[in-house]
2 protein chains.
Amino acid sequence: MNIRENIRPGGRSARVQASVHKAVRELLSKMDRNDVTIPLIATEAGVTPSTIYRRWGDLQELLADVAVERLRPDAPPKDTGSARTDLEQWAEQYADEMASGPGRAMIRDVLASVGADTRNAGKCCGYTREQLQVIADRARDRGEAFPDVEAVIDEVVAPIMYRILFDQAPPTSAKVLWLVERMLVGRRAT
Amino acid sequence: MNIRENIRPGGRSARVQASVHKAVRELLSKMDRNDVTIPLIATEAGVTPSTIYRRWGDLQELLADVAVERLRPDAPPKDTGSARTDLEQWAEQYADEMASGPGRAMIRDVLASVGADTRNAGKCCGYTREQLQVIADRARDRGEAFPDVEAVIDEVVAPIMYRILFDQAPPTSAKVLWLVERMLVGRRAT
DNA sequence: CGACTAAAAGCAAATTATTTGCGTTAGTGT
DNA sequence: ACACTAACGCAAATAATTTGCTTTTAGTCG
């Protein structure tokens with residue numbers, strides 16, 4: 001099932017999408033996710049269930065759509081004066097958000113929908129890349145050495161995400177800092 | 001919903017579980033996963049739907065249960081004479097299996113069920129750890145230097161899995177070998 | 001061995017979710 | 001303003017899920 005990509009702002013479609021998204025956020029904050037159903041969301045949003053089924057296909061797609069929206073960063077990484085501290089702060093915040101209950105649920109929603117709509121997981125990865133690129137560009141402007149964004153993904157982002165998804169214990173703050181440290185040190189040594 | 005942990009082998013429960021698992025594998029190989037439903041599985045397995053609902057709760061749990069089973073490695077990593085080549089071969093096979101269509105589907109099934117049953121994702125991670133530990137133990141027996149299993153997970157397994165889950169392009173064979181290389185080299189330098 | 005027990009399965013009715021056909025409405029372009 | 005189209009609402013039809021109750025089965029004990 002396809003979600004329309006370009007919706008004209010202000011149109012009826014946009015209003016329906018907004019009220020449905022809002023209803024989902026509302027309900028997820030109030031109740032267990034397994035108790036959230038499409039008829040419920042439809043009632044809360046003031047639309048008929050068939051509208052949701054036709055636009056999103058099923059609950060998983062809808063949840064993924066909302067989750068991607070919420071995973072989009074709202075601001076560029078803070079400029080702390082050096083690439084290292086920029087990255088440290090960004091990574092700690094990233095780990096915290098993703099390891100939180102809502103964060104984990106959102107990641108799962110996004111991944112679970114990949115079968116039907118391959119774009120979602122890629123979008124999340126894209127957001128991360130953009131954030132890291134900002135840090136890397138700032139480093140370049142300052143004349144600091146800084147590894148490629150892909151290397152940061154491999155050495156810092158991927159371990160954090162793997163631990164969150166597959167391990168019981170999410171990475172501690174110390175572990176995150178250590179990952180950053182190791183990457184920067186390894187880079188110098190090469 | 002809980003899946004019984006200790007089922008006496010040969011009992012009725014075991015037979016039902018076996019036939020349901022078999023039915024799921026059968027159907028998944030024949031048709032699109034979105035067309036697989038519990039009533040269908042029940043018919044194929046020769047049980048009533050309510051039996052499946054009571055034992056597994058919902059389709060996601062059942063799929064996850066089957067997926068974990070299939071993700072369990074059937075043999076220890078091959079002994080190739082050196083830890084480095086052991087790891088290279090294991091990592092390449094791991095990346096191939098996980099990046100394949102069925103592999104990705106199984107990972108998603110496992111992750112999607114985590115909300116209800118936290119053990120599944122941990123089990124997969126556990127299998128990986130066991131495999132790597134075998135390689136590490138062999139290295140120790142040979143007197144070779146070899147990094148901690150957790151380091152291998154951070155530096156080799158996590159990047160592979162991240163790329164498979166979030167990126168469009170799964171890691172190439174060359175990339176996997178490079179990850180192994182980088183980890184071993186970095187380890188020596190420290 | 002044969003009766004007893006508890007767990008799990010079957011069955012069927014009730015509930016709830018999903019799909020679909022068709023009429024209506026709101027935005028878009030001429 | 002008028003026609004056109006995409007998206008929505010409504011309601012009937014279909015399919016999935018839940019539930020109460022009965023029956024079967026495997027293990028246990030006298």
Side-chain angles (χ1 to χ4, degrees), chain A residues 1-24 26-28 30-66 109 112-113 115-117, chain B residues 1-24 26-28 30-66 109 112-113 115-117:
Chain A
M1 178 60 64
N2 267 333
I3 300 167
R4 266 186 71 68
E5 207 44 60
N6 291 319
I7 296 168
R8 295 171 219 255
R12 183 170 47 158
S13 290
R15 282 199 302 278
V16 169
Q17 166 158 359
S19 65
V20 169
H21 274 220
K22 187 181 165 196
V24 170
E26 195 87 13
L27 290 172
L28 282 179
K30 277 205 286 252
M31 60 200 312
D32 192 77
R33 65 181 287 85
N34 294 61
D35 296 337
V36 175
T37 65
I38 286 190
L40 237 173
I41 295 167
T43 303
E44 173 86 18
V47 300
T48 56
S50 65
T51 294
I52 297 181
Y53 285 114
R54 282 204 239 255
R55 267 186 72 165
W56 283 277
D58 61 16
L59 185 59
Q60 217 154 57
E61 286 295 315
L62 173 54
L63 290 177
D65 194 38
V66 174
D109 290 338
S113 79
D117 184 348
Chain B
M1 179 58 63
N2 267 335
I3 300 166
R4 268 187 70 71
E5 205 47 55
N6 292 321
I7 297 168
R8 294 172 223 253
R12 183 170 49 156
S13 289
R15 280 199 304 277
V16 169
Q17 166 158 359
S19 64
V20 169
H21 274 220
K22 186 181 167 198
V24 170
E26 194 88 12
L27 290 173
L28 282 180
K30 277 204 287 252
M31 59 200 311
D32 192 76
R33 65 182 292 83
N34 294 62
D35 296 336
V36 175
T37 65
I38 287 189
L40 238 172
I41 295 167
T43 303
E44 173 86 18
V47 301
T48 56
S50 65
T51 294
I52 297 181
Y53 285 114
R54 284 203 240 255
R55 266 186 73 163
W56 283 277
D58 62 15
L59 185 59
Q60 218 153 57
E61 286 295 315
L62 173 54
L63 290 177
D65 195 37
V66 174
D109 289 338
S113 79
D117 185 346

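So that the names make sense, note that chain A is the first sequence line, chain B the second, and so on, each numbered from 1.
- Atom CD1 of A/Ile41 and atom P of C/dA17 are 11 Å apart (whole Å).
- Between the P atom of C/dA17 and the CG atom of A/Leu40 lies a distance of 7 Å, rounded to the nearest Å.
- Shortest non-hydrogen contact noted between B/Pro49 and B/Pro39 is CG-CA, 4.2 Å.
- In this structure, the CH2 atom of B/Trp56 is 12 Å from the P atom of C/dA8, given to the nearest Å.
- When rounded to the nearest whole Å, the span between CZ of A/Arg55 and P of D/dG9 equals 10 Å.
- Distance A/Ile38 CD1 to D/dC8 P: 14 Å, rounded to the nearest Å.
- Axis angle between the ends of the helix from C/dC1-D/dG30 to C/dT30-D/dA1, five pairs each and rounded to 10 degrees, works out to 30°.
- Legend: residues meeting side chain to side chain contact (heavy atoms under 4.5 Å, CB included) with A/Leu27, ordered by chain and number and at least two apart, are A/Lys30, A/Met31, A/Val36, A/Leu40, A/Ile41, A/Glu44.
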Check nucleotides 18-23 of chain D against the protein and report each pair of N or O atoms closer than 3.5 Å, with its distance, or say if there are none.
unit_1, atom_1, unit_2, atom_2, d
D/dG20, O6, B/Arg54, NH2, 2.4

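- Straight-line distance from the CD1 atom of B/Ile52 to the C1' atom of C/dG10: 13 Å, rounded to whole Å.
- For A/Arg15 and D/dC8, the shortest distance from a side-chain N or O to OP1 or OP2 is not below 4.0 Å.
- Taking side-chain N and O atoms only, B/Thr51 has a distance below 4.0 Å to OP1 or OP2 of C/dG10.
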A/Leu28 vs A/Leu63, test: side chain to side chain contact (heavy atoms under 4.5 Å, CB included). Steps then yes/no.
CA-CA 10 Å; A/Leu28 282 179; A/Leu63 290 177; 4.1 Å; yes

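- Spacing between atom CD of B/Gln60 and atom P of D/dA16 amounts to 17 Å, rounded to whole angstrom units.
- Shown here are the side chain to side chain contact (heavy atoms under 4.5 Å, CB included) partners of B/Thr43, two or more places apart in sequence or in another chain: there are none.
- Looking at residues two or more places apart in sequence or on another chain, you find a side chain to side chain contact (heavy atoms under 4.5 Å, CB included) between B/Ala45 and B/Ser19, B/Val20, B/Ala23, B/Val47.
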